[in-house]
Each structure stands twice: as structure tokens, then as C-alpha cells.
Amino acid sequence: MTFPPPLSPLTHLTHLTRLTRLPSLPRLPRPPGPRLSSALLGATALELFVLAGRLAVYPFGLTPERGGSAPAEAGPPATTDPPAPAPAPAPATTVPPVVPAAAPPVVLLHGFIDNRSAFVVLRRTLARHGRRPESLNYSPLTRDVRTAAGLLGRHVEEICARTGHSRVDIVGHSLGGLIARYYVQRLGGDRRVRTLVTLGTPHGGTAVAPGAGVHPIVRQMRGGSSVIEELRGPAPGCRTRFVSFWSELDQVMVPVGTACVDHPDLDAVNVRVTGIGHLALPVHPTVAAAVREALEAPEAGEDDATATGTTSAA
């Protein structure tokens, strides 16, 4: 019997190499690399910068805002006493001229564990263009979106009675937008709210809810919560126009599409913002300008504004 000649070490290594060589596998698609990474890195850096600034101004927003008509009320006492009969009719004749003002007041509603200081940039932008922004601080101890929505409703009624306007606009950031939507959709607030603008609001519920085990109102921002399910219900004849700003780099809205209003009964426009994160939405100048434009849009002719808009805040 003859045996094949023994393999040399080199030949043996070659055989092993051939045996261990696997068929080539299809390459997995690479995630969008450098551009997305650089954008995310830039947005994260901006978020940290905004957070530092927010912490610096936070104490200044802890006190409730004085009513928008406070300066007007201070006017009559300033008039001298000699014309005593004049001060009495003055308040009655001073209030009606406010009624015909072109644009309604704007109510600003902050997010979770925040206060009115979050709207420093937006307030300045609106005031510069003749709007009258007013802020509402709700307590961080508020445990229910419904309770906060009721508080908002009372605040809106007070503003309407004080200014003579029958309707207002509302801008809400994050949880503030959800509270405002609940007021509009579930508490009849659509008769008072002309336009509701939301910034990074979890309309569909978010999977990122830090502190959900501790704070009940945070649990209500999760997908499938009783509040989110109520807002999915029918809302026939809702008179409020919705404009929702959402960012593709918002790390608090998971998935990011949850910040869009998706309801068959609501007149809603979803505006995509690029290049910024959750905290920067209410303070970025480009977003502030876009919010102002949304509020200035004519009330008639919104039927043709059903497509998702796009704006860049890079």
C-alpha cells in the first residue's frame, strides 16, 4: 500500500487557510456617519450651552409674572387728583380700546421642571413685532396633566377678561405643549385658543421619560398613558390650529416622530427643524422667527397648509 507523501508545513498551512476561508458575507449598510455624527455633536454642544444658560437665568423666572395690564392699571393713579371725576371713568374707557388690537395675546407655557425664563428669546422676538406675550408658571409638583390644563384654562379666561380679547395663541415647550393640547382638545379650550404652537412635545408619547418612576406627570408623557390615549380620541369640530415643531436631533422625543401632531380631526402642520436638540427649541433665533410667522399666519386659508413644513435651524 502506498501512502501520499507527507505535506510540508507550508503546504499544510495553505490547506488550513483554504478550509477556514468563509464565503464572503454581504456588507451591512453603514449608518450615516460623519455628517450625522458632526451634526449630533454640534447639537449636543449647543444643548450643554443652553442648559448652562438656562440654569443661570432660572432663578429669575421663579416668581410669577405680573399681569400684562399692570402698567395700564398703574396709569390712572398717576394722574393728579384735581380732576377727581376723570379717574373713575378712565379705567372704563381705557379697557375698550384694547379690544380692537389686531393680534391676540400669546400665552407661553414651559416644560417639565422649568419656568418662564425658558422663553427669554421668544418673548423678545414676539414683543419686538408687537405681540403681547404672557407666561404661566405651573408648579413642578403638579402631578397630573389634567390639573395643569385646568389651571391653564383659568389663566386664559383671566387674560381674556383683562384684555378684552375672546381668543389667545399659546406656545408650549415639551410638557407645556401637551398640557395646552389637553386643554384645547379635552376641556373645550378650542373656543379660546386660535393657534397652538408646540415645541418638542410628546404628542404620541415618548420612550424617554427620566424620573417616570418618581413623578406621575412624567409617566403621563409615555406612550400608551391614559393622557396620550385620551388625546387619540375623536375631536370633531376642534377650532384650534396646531403647529408642531419637531427636531430630528431631539434626544428626548423617542421616536422623534412622536413630536408631530397626527390626528384626523385636527388642523395640524408639523414643521421639521434641523441641527438642534430639545432644550434649544424655545431659545434658538431661527425657531423663534418661525414661531412668530406661524402665529402671524392668517386664520383663513389654513386648509391648504396640511403638508409638513420644513425649516432649518442649523
Side-chain angles (χ1 to χ4, degrees), residues 64-65 67-68 104-112 114-116 119 132-206 215-245 258-270 294-295 299 302:
E65 184 180 52
V106 182
V107 181
L108 306 177
L109 197 60
H110 60 80
F112 181 59
D114 210 338
N115 59 40
R116 60 189 180 88
F119 295 107
R132 298 171 50 197
E134 300 196 19
S135 301
L136 170 64
N137 277 359
Y138 59 91
S139 170
L141 301 179
T142 304
R143 300 172 60 85
D144 192 351
V145 166
R146 304 169 185 88
T147 302
L151 173 65
L152 173 62
R154 293 189 293 274
H155 186 67
V156 168
E157 291 298 326
E158 186 273 330
I159 291 176
C160 290
R162 169 161 46 83
T163 64
H165 283 276
S166 60
R167 306 193 81 185
V168 302
D169 292 334
I170 298 180
V171 179
H173 177 231
S174 194
L175 174 61
L178 196 65
I179 292 171
R181 179 178 172 183
Y182 193 92
Y183 163 63
V184 166
Q185 194 174 328
R186 303 293 297 176
L187 301 184
D190 62 312
R191 71 184 182 89
R192 288 296 194 193
V193 180
R194 185 188 68 157
T195 302
L196 170 57
V197 175
T198 64
L199 308 171
T201 289
H203 292 285
T206 177
H215 207 300
I217 204 168
V218 179
R219 289 197 292 271
Q220 292 179 336
M221 290 190 283
R222 281 180 164 176
S225 73
S226 59
V227 167
I228 298 299
E229 291 306 311
E230 281 186 60
L231 294 177
R232 293 186 193 278
C238 183
R239 290 161 284 188
T240 299
R241 178 186 58 166
F242 292 80
V243 182
S244 174
F245 287 78
T258 194
C260 296
V261 177
D262 183 12
H263 195 293
D265 295 333
L266 301 182
D267 176 14
V269 175
N270 297 304
L295 295 178
E299 204 164 354
E302 271 119 33

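What you see is a predicted model, and the numbers here were worked out from it, not measured in a lab.
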Taking the side chain as C-beta and beyond, is there a heavy-atom pair between Cys238 and Val184 under 4.5 Å?
yes
Pairwise side-chain contact, Val197 with Val106, heavy-atom cut-off 4.5 Å (strictly under):
no
Just verifying a value: how many Å separate Thr240 OG1 and Arg192 CZ, rounded to the nearest 0.5 Å?
12.0 Å
Quick one: does Pro234's side chain get under 4.5 Å of Asp265's, heavy atoms only?
yes
Roughly how far, to the nearest 0.5 Å, is CG of Leu152 from OH of Tyr138?
10.5 Å
May I ask you to check whether Phe112 and His215 place their ring centers less than 6.0 Å from one another?
yes
Shortest non-hydrogen contact from Thr163 toward Pro105
OG1-CG, 3.9 Å
Rounded to the nearest 0.5 Å, what's the gap from CZ on Arg181 to CG on Leu266? Could you check?
5.5 Å
Is a salt bridge present between Glu157 and Arg191, judged by a nitrogen-to-oxygen distance below 4.0 Å?
yes
Identify, with sequence neighbours excluded, every residue that meets ring-ring contact (aromatic ring centres under 6.0 Å, His included) alongside His203.
none
Should Arg194 and His165 be marked as a side chain to side chain contact (heavy atoms under 4.5 Å, CB included) after you check the CA-CA gap, both sets of side-chain angles, and the distance that decides it?
CA-CA 11 Å; Arg194 185 188 68 157; His165 283 276; over 6 Å; no
How close do Asp190 and Gly237 get, heavy atom to heavy atom, and via which atoms?
OD2-O, 3.8 Å
Determine whether Val261 and Thr201 make a side-chain contact, defined as any pair of heavy atoms from C-beta on separated by less than 4.5 Å.
no
Side-chain donor/acceptor of His110 to backbone N/O of Ser174, under 3.5 Å:
no
Nearest-0.5 Å distance that lies between atom CD1 in Ile179 and atom OG1 in Thr198:
13.0 Å
Of all the heavy-atom pairs spanning Leu187 and Ala149, show the shortest one and how long it is.
CD1-CB, 3.7 Å
The test is side chain to side chain contact (heavy atoms under 4.5 Å, CB included); show your working for Tyr183 and Leu196 and say whether it passes.
CA-CA 11 Å; Tyr183 163 63; Leu196 170 57; over 6 Å; no
Of the non-hydrogen atoms in Ala180 and Leu109, which two are nearest, and what is the gap between them?
N-CD2, 4.2 Å
Looking at Asp262, I want to see if its CG is surrounded by more than 12 non-hydrogen atoms of other residues, nucleotides or ligands under 6.0 Å.
no
Can you confirm whether Val227 sits close enough to Arg146 that some side-chain heavy atom of one is under 4.5 Å from a side-chain heavy atom of the other?
yes
Measuring from atom CG of Leu175 to atom CD of Gln220, what distance do you get when rounded to the nearest 0.5 angstrom?
8.5 Å
Among Arg116, His155, Arg162, the one residue meeting side chain to side chain donor-acceptor pair (under 3.5 Å) with Glu134
Arg162
Does a salt bridge link Arg232 with Glu229, judged by any charged N lying under 4.0 Å from a carboxylate O?
yes
Rounding to 0.5 Å, atoms OG1 (Thr195) and CG (Asp169) come to a distance of 4.5 Å
May I have the step-by-step check of side chain to side chain contact (heavy atoms under 4.5 Å, CB included) for Arg222 and Ile228, ending in yes or no?
CA-CA 8 Å; Arg222 281 180 164 176; Ile228 298 299; over 6 Å; no
